[in-house]
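Worksheet: one structure, shown below.
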Amino acid sequence: MNIAILINISILVGLLTIAVVARHLYLRNQRLKNKAQLSMLFTSISHELLTPLTILSASVEQLKDKEPKYNLEYELMDLNIQRSVRLLQLILETSKSTDGRLKLLVSHGDVMRYIKNTAKCIMPLVQQKGIQMTVTCQPESMMGWIDTDKIDKVIFNLLSNAVKYTNNANGKVELVVKTSKHFDKVIIEVSDNGCGIPENRQKHIFEMFYDGDYRRFGAMGNGIGLALTRDIVVLNKGTIEYESKENIGTKFTVTLPIVKEAFDKSQIDETNKINFDNPQMSIGDFPKVQQLLTTDEITDQFNDDYFTLLIVEDNKQLLMLMKMLLSKRYNVFTATNGREALEVIGHRDVDLIISDVMMPEMDGWELTERIKVSKDFGHLPIILITARTQEEDKKKSLLIGADDYITKPFKMGDLQLRIENIIQNRLRIQNDQNAKGNDEENAIPTVTSPDDEFIRNAKECVKQHINDSDYNRDTFAADMGMSASSLYNKLRSTTGLNVSAFIRTIRMEEACRIAKSSPSIRVSELAYRVGYKDPKYFSTSFKKDIGMQPTEYLDKLKEGVNPQPLVSP
């Protein structure tokens, strides 16, 4: 082959190689530039958000002095402000770590005492989970050089992870701190007997934003903690190791130098000593909030005239807050995941379900699908709540049968409006059906629908026991040949009334019929004949349903006036 051709081919190959390499380097530089810009954006946003959170915190403190009666609301505000600040600080530290701006500044003091004090910050979460935690320092006291800001994050992240993934009844978390043979290093061991890390996930645990399937264990997570912990340990010229077996437990071992010679001169702060009274990672007083949320602020007294909601939410603070606010207008049951919700629905009378989407064990989507295919509960309306804002998530929620969808953060007023819209729409449909049934009551008999037949049978059951004051939902359900929950759901979907209200309405109808045939009857006798032991309570119920006192109703009948009841199933 001609040598000139070979030279030309070689030059062409070389040029193509240079072009490919140049393109690769260009794209790599663009990615690095974008990554740097994104990091700066996160840093800027985090800084900007810390300012209004500081203002909110100060405002809450002022409100505590001016209106101390709203103690619960203040505690919840403080708790969630602390959580937001801690997350933003975590983002800032992560941003610094990724672009090399994370710096050490070590101070001198009692390392053991500081670590023990820092570990106390996690105790409220430990108490909330009902597990045991022990802290052992060997020796009890050891002077050394550490960056307290960085140690806080290492201790907090390792302990909070251990607590998150330890759910069994005999759950234990252990922190052991000891020194190396030559007293130049501190060895921090955090172990638990929790769920362990599945083998196929272990190689990913230090990756940024890897969540470790935390929701399966009812935990909260963001995939930042362990990645930042490793970066901090490396920055400290230390090591981090772990061993874990699924369903047995996990142990992390962190080794950090604590002698002055281990650090550069620029990393040493000679002027300040360790402050033992100011751990950086305080998580708020969970038990205090939990105690406040279970006081008289939340009532478990059910009102027969209220509609009943089931709230399904894995964040217990949000769950209890929603219960507290909605209990003023509705009866409220709660569950922390879909599986618990199905248990409640199977044993309790529920009119509407409000469910988070992302939950452990069974999420809101699966819960919705299971309810909507159920013969007994498919009619129950469901509102889904989630932090997911993508259009496809909303579409999926509606396709699987959700009646409405609301995204976090949301206003309670907006949620109440959606609840009322669904309830009122259902009532309008039921009232239309009832009105149609009443219009056709005296018409020529035709083929009746299953719902009409059900209502007719239900009325007959109650009328057959009209003077029995002990006739209740259980005996009513037995007479109808169905479970109490199924009877409730059927009555609610066809009449808009719960079981007690349906029985009461039939009693009132019968009281009106008896009164019309015997206007001179005494109120006490009328009460006894329709199953009321207390004539005063009968009068109260009569006025509530009919719109006037029994005496007034009887007087009108004597005058030849035919009063009409306010409600009728």
Quick one, R370 with E366, criterion salt bridge (charged side-chain N to carboxylate O under 4.0 Å, His left out). Give me CA distance, side-chain angles, the key distance, then yes/no.
CA-CA 6 Å; R370 292 202 181 191; E366 184 179 351; 3.0 Å; yes

Are [X] and [Y] side-chain neighbours, meaning at least one heavy-atom pair lies under 4.5 Å?
X: I240; Y: F252; answer: yes
X: M412; Y: L326; answer: yes
X: T334; Y: M320; answer: yes
X: D356; Y: I311; answer: no
X: N331; Y: F307; answer: no
X: Y532; Y: S469; answer: no
X: Y242; Y: K251; answer: no
X: M362; Y: L342; answer: yes

Listed partners of Y488 passing ring-ring contact (aromatic ring centres under 6.0 Å, His included), at least two apart
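Partners of Y488 under the ring-ring contact (aromatic ring centres under 6.0 Å, His included) test: none.
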
Any donor-acceptor pair under 3.5 Å linking the side chain of [X] with the backbone of [Y]?
X: T166; Y: V163; result: no
X: N193; Y: N170; result: yes
X: K372; Y: L380; result: yes
X: N337; Y: E361; result: no
X: D474; Y: A477; result: no
X: S244; Y: I197; result: yes

So, for [X] and [Y], which heavy atoms are closest and what is the spacing to 0.1 Å?
X: I131; Y: G171; result: CB-O, 3.4 Å
X: V135; Y: M133; result: CG2-CE, 3.9 Å
X: G401; Y: T368; result: C-CG2, 4.1 Å
X: R507; Y: I466; result: NH1-O, 2.7 Å
X: A335; Y: A341; result: CB-N, 3.6 Å
X: Q416; Y: L325; result: NE2-O, 4.2 Å

Between Y471 and H465, what is the ring plane arrangement, given parallel below 30°, perpendicular above 60°, and tilted in between?
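Taking H465 first and then Y471, their aromatic rings lie parallel (interplane angle under 30°).
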
Just say parallel, tilted or perpendicular for the rings of F476 and F502, cut-offs at 30° and 60°.
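Ring orientation of F476 relative to F502: parallel.
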
Roughly how far apart are [X] [atom1] and [Y] [atom2], rounded to 0.5 Å?
X: S355; Y: D363; atom1: OG; atom2: CG; value: 8.0 Å
X: K164; Y: C195; atom1: NZ; atom2: SG; value: 12.0 Å
X: L487; Y: D349; atom1: CG; atom2: CG; value: 8.5 Å
X: E509; Y: R504; atom1: CD; atom2: CZ; value: 12.0 Å
X: I455; Y: L491; atom1: CD1; atom2: CG; value: 6.0 Å
X: I503; Y: R473; atom1: CD1; atom2: CZ; value: 9.5 Å

Counting only heavy atoms not in D414, do more than 12 fall under 6.0 Å of its CG?
yes

Could you tell me whether the side chains of [X] and [Y] share a donor-acceptor contact shorter than 3.5 Å?
X: T336; Y: D314; value: no
X: Y405; Y: D393; value: no
X: T229; Y: N157; value: yes

According to side chain to side chain contact (heavy atoms under 4.5 Å, CB included), who are the partners of S374, at least two apart in sequence or on a separate chain?
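With sequence neighbours excluded, S374 shows a side chain to side chain contact (heavy atoms under 4.5 Å, CB included) to D376, F377, given in chain and number order.
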
Evaluate side-chain contact (heavy atoms from CB on, under 4.5 Å) for D403 paired with I383, printing each intermediate quantity in order.
CA-CA 6 Å; D403 295 78; I383 299 175; 5.6 Å; no

Full working for side-chain contact (heavy atoms from CB on, under 4.5 Å) between V126 and Q132
CA-CA 7 Å; V126 172; Q132 296 180 358; over 6 Å; no

Salt bridge present between K395 and E392 (N-O < 4.0 angstrom):
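No.
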
Please determine if E420 and R329 form a salt bridge, counting it only when a charged side-chain N lies under 4.0 Å from a carboxylate O.
yes

Run the side-chain contact (heavy atoms from CB on, under 4.5 Å) test on L352 and L310 for me, step by step, so that the C-alpha distance in whole Å, both residues' side-chain angles and the decisive distance to 0.1 Å come before the verdict.
CA-CA 6 Å; L352 185 145; L310 169 61; over 6 Å; no

Audit row: V312, E340, side-chain contact (heavy atoms from CB on, under 4.5 Å) steps and yes/no:
CA-CA 8 Å; V312 193; E340 286 183 13; over 6 Å; no

Testing L384, I354, I385 one by one against I406 for a side-chain contact (heavy atoms from CB on, under 4.5 Å), which residue passes?
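Output: one option passes, namely I385.
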
Any ring pair (Phe, Tyr, Trp, His ring centres under 6.0 Å) pairs touching residues 324-356, not counting sequence neighbours?
F302-F333

